[in-house]
Amino acid sequence: MRKLKVSLVFFVILLLTMSSAAATCNIVVITDPSGNDPNGAAAGSMSFADNMFQSTFLLSRNNNFAVLSGGTGSSDTRLDSIVEAVANLQNNASASSAASIASQYKGARLLVGGPNIGAAIGGSFDAYVVTVDDATNQIKVTPYTSGIATLQPGQKGAIIHLRNTEGNPYYGTADAVRKETAMNIGKMIRDGYPATTILSEAMGEVAKDSGEKYGGGGVNLVSGISTSDMFTPKEMNDTGYPMDEEYSKVCDDCGWAIGYPSSEAYDKCPICGADIRTVFAYEALGNALTVSPNAVSVSVYGSDKPGLASTTKEIVEASVAKNGYDASTISDSINRGIDNGLLMGVDHVEPKDINVKQGSKAVGVYYKALPGDRSSPAWDLPIDGNILTVLGSIQTAVGIILILLVMFRSRLLKSFQER
């Protein structure tokens with residue numbers, strides 16, 4: 001509850017300092033209403049607009065629900081509706097009751113959902129409700145426009161909302177893409193895919209076909225995992241990461257990986273020489289949210305260099321898969337990445353800089369940013385660095401003398417001859 005309040009306060013600050021924006025794509029997918037599958041419920045938001053910060057998808061890890069916001073109303077209107085919806089859900093209100101709050105605020109939209117409460121959308125929206133019958137595997141896709149639309153508790157299915165943003169080159173595609181994506185979501189639910197995978201595939205389809213593509217991000221409603229700031233804008237009044245573009249490159253043979261934009265320099269794995277696989281942003285979203293035996297939650301502190309967090313995550317995951325949750329081997333793997341130029345702008349780490357929590361499959365990496373514009377740490381040389389500085393100064397002085405001799409050689413020779 002405390003973290004949720006912090007998120008709401010952060011949301012208020014953002015709304016006061018940035019131009020108004022709203023998510024135009026909201027999705028909730030529930031494949032296991034019992035809540036037993038750690039990947040059985042997921043939600044996500046994105047838009048063509050700026051400022052798709054994490055507050056677009058508020059997550060309650062304790063009560064396993066998410067509130068996705070949007071609409072055509074003002075930012076303060078959306079904020080009021082979100083606060084009221086969260087308060088209602090904290091008091092055990094139904095999904096439909098919480099979502100219906102949006103209708104009380106002009107232009108607002110709320111999509112709420114969780115494995116135990118189902119899902120519902122209210123306010124200003126154009127959405128499809130997808131249901132899949134357990135007994136017959138029959139898929140039903142029903143359109144709704146405004147008012148309230150509900151996916152009942154205990155029902156496998158999804159809700160997808162999609163509109164186009166003014167200025168989007170793909171403007172006018174939302175109706176067709178919304179319907180097609182809803183049908184594909186139903187097929188994936190029927191075929192047994194986890195909600196986290198379905199969410200990522202749906203967001204990839206929406207991004208490519210409708211242009212509403214900037215993160216935003218997603219949440220795993222059962223396991224309490226969020227993409228956090230993986231795809232959200234780095235600066236205010238800017239777009240997030242395009243969900244249909246390359247995010248990283250991975251070697252499946254040895255586990256080496258590197259994030260964009262550094263990944264553009266590699267066609268083969270620099271460690272083992274094998275082919276490397278391109279991971280798109282929507283795929284990275286699914287990987288980040290999906291819980292598996294090798295999944296590791298990695299947090300990076302001390303530097304916000306582009307690509308640092310994603311590359312560190314890949315290195316840590318490979319190290320854990322090979323050697324387990326050992327701070328020494330993780331720090332060694334990270335330092336090799338620094339020495340190989342995969343991680344730039346940070347100093348070498350020690351085991352004490354690695355915070356390992358094996359029980360929750362979490363690793364924190366505490367970096368020290370390098371001073372100035374240095375991209376790599378100082379070399380570990382067998383002689384004192386001050387000696388090199390002195391030698392460099394001498395070399396510079398000798399060089400200046402040689403330049404002066406060349407410039408004034410004729411004058412010096414003439415003066416010598418006259419004497």
Side-chain angles (χ1 to χ4, degrees), residues 4 26-45 57-68 89 92 94-96 98 111-121 128-141 150-160 181-205 217-228 230 282-298 313 317 320-321 357-362:
L4 202 58
N26 303 118
I27 304 174
V28 170
V29 182
I30 300 175
T31 55
D32 180 17
S34 71
N36 293 325
D37 181 354
N39 303 307
S45 292
F57 45 103
L58 295 173
L59 168 67
S60 172
R61 289 181 170 87
N62 291 333
N63 295 330
N64 302 105
F65 68 75
V67 176
L68 312 182
L89 288 167
N92 299 317
S94 66
S96 58
L111 173 56
V112 303
N116 300 316
I117 64 173
I121 186 169
Y128 277 92
V129 175
V130 182
T131 58
V132 180
D133 187 272
D134 264 338
T136 64
N137 279 331
Q138 182 180 5
I139 301 169
K140 186 177 181 181
V141 179
T150 304
L151 176 68
Q152 294 296 332
Q155 173 71 61
K156 284 184 180 180
I159 297 179
I160 174 172
T181 305
M183 294 173 65
N184 289 334
I185 289 173
K187 292 174 184 177
M188 286 187 283
I189 294 174
R190 177 199 62 193
D191 294 341
Y193 288 93
T196 49
T197 299
I198 296 171
L199 175 70
S200 67
E201 291 296 319
M203 291 181 75
E205 183 176 349
V219 292
N220 180 324
L221 297 172
V222 182
S223 302
I225 301 171
S226 169
T227 56
S228 188
M230 282 179 66
Y282 69 90
E283 295 173 317
L285 178 143
N287 294 338
L289 296 182
T290 302
V291 176
S292 69
N294 296 326
V296 186
S297 175
V298 181
K313 177 177 173 61
E317 286 180 340
V320 169
K357 295 182 179 179
Q358 184 170 352
S360 57
K361 296 185 177 180

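Below, each value reflects all heavy atoms present in this structure, side chains not excepted, and no hydrogens, waters or symmetry copies.
Checked against salt bridge (charged side-chain N to carboxylate O under 4.0 Å, His left out), Asp134 has the following partners two or more places apart in sequence or in another chain: Lys156. With sequence neighbours excluded, no residue satisfies side-chain hydrogen bond (donor to acceptor under 3.5 Å, both in side chains) with Asn116.
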Hey, mind stepping through Asn36 and Ser34 against side-chain hydrogen bond (donor to acceptor under 3.5 Å, both in side chains) and telling me if it holds? CA-CA 6 Å; Asn36 293 325; Ser34 71; 3.1 Å; yes

Please test Val130 against Ile159 for side-chain contact (heavy atoms from CB on, under 4.5 Å), starting from the C-alpha separation and ending with a verdict. CA-CA 6 Å; Val130 182; Ile159 297 179; over 6 Å; no

I would like to know whether Asn26 and Ser45 meet side-chain hydrogen bond (donor to acceptor under 3.5 Å, both in side chains); could you show each step before the answer? CA-CA 5 Å; Asn26 303 118; Ser45 292; 2.8 Å; yes

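In this structure, the side chains of Ser223 and Arg61 stay at 4.5 Å or more apart for every pair of heavy atoms. Counting heavy atoms from C-beta outward, Phe57 and Ser226 have side chains that approach closer than 4.5 Å. Residues Ile30 and Leu151 form a side-chain contact, since some pair of their non-hydrogen atoms from C-beta on lies under 4.5 Å apart. You'll find the side chain of Val29 reaches within 4.5 Å of the side chain of Ile189, heavy atoms only.
At least one donor-acceptor pair closer than 3.5 Å links the side chain of Asn64 to the backbone N or O of Leu221. Remark: the backbone N or O of Gly40 is paired with a side-chain donor or acceptor of Thr31 at under 3.5 angstrom. Put simply, the side chain of Asp37 never gets that close to the backbone of Asp32: no donor and acceptor are under 3.5 Å apart.
A donor-acceptor pair shorter than 3.5 Å can be found between the side chains of Glu205 and Asn184. Under the 3.5 Å distance criterion, with hydrogens and angles disregarded, a donor-acceptor pair is assigned to the side chains of Asp133 and Thr136. Ser94 and Ser96 form a side-chain donor-acceptor contact under 3.5 Å, judged by distance and modelled atom types alone.
In this structure, Phe65 CZ and Leu89 CG are separated by 4.5 Å, a value rounded to the nearest 0.5 Å.
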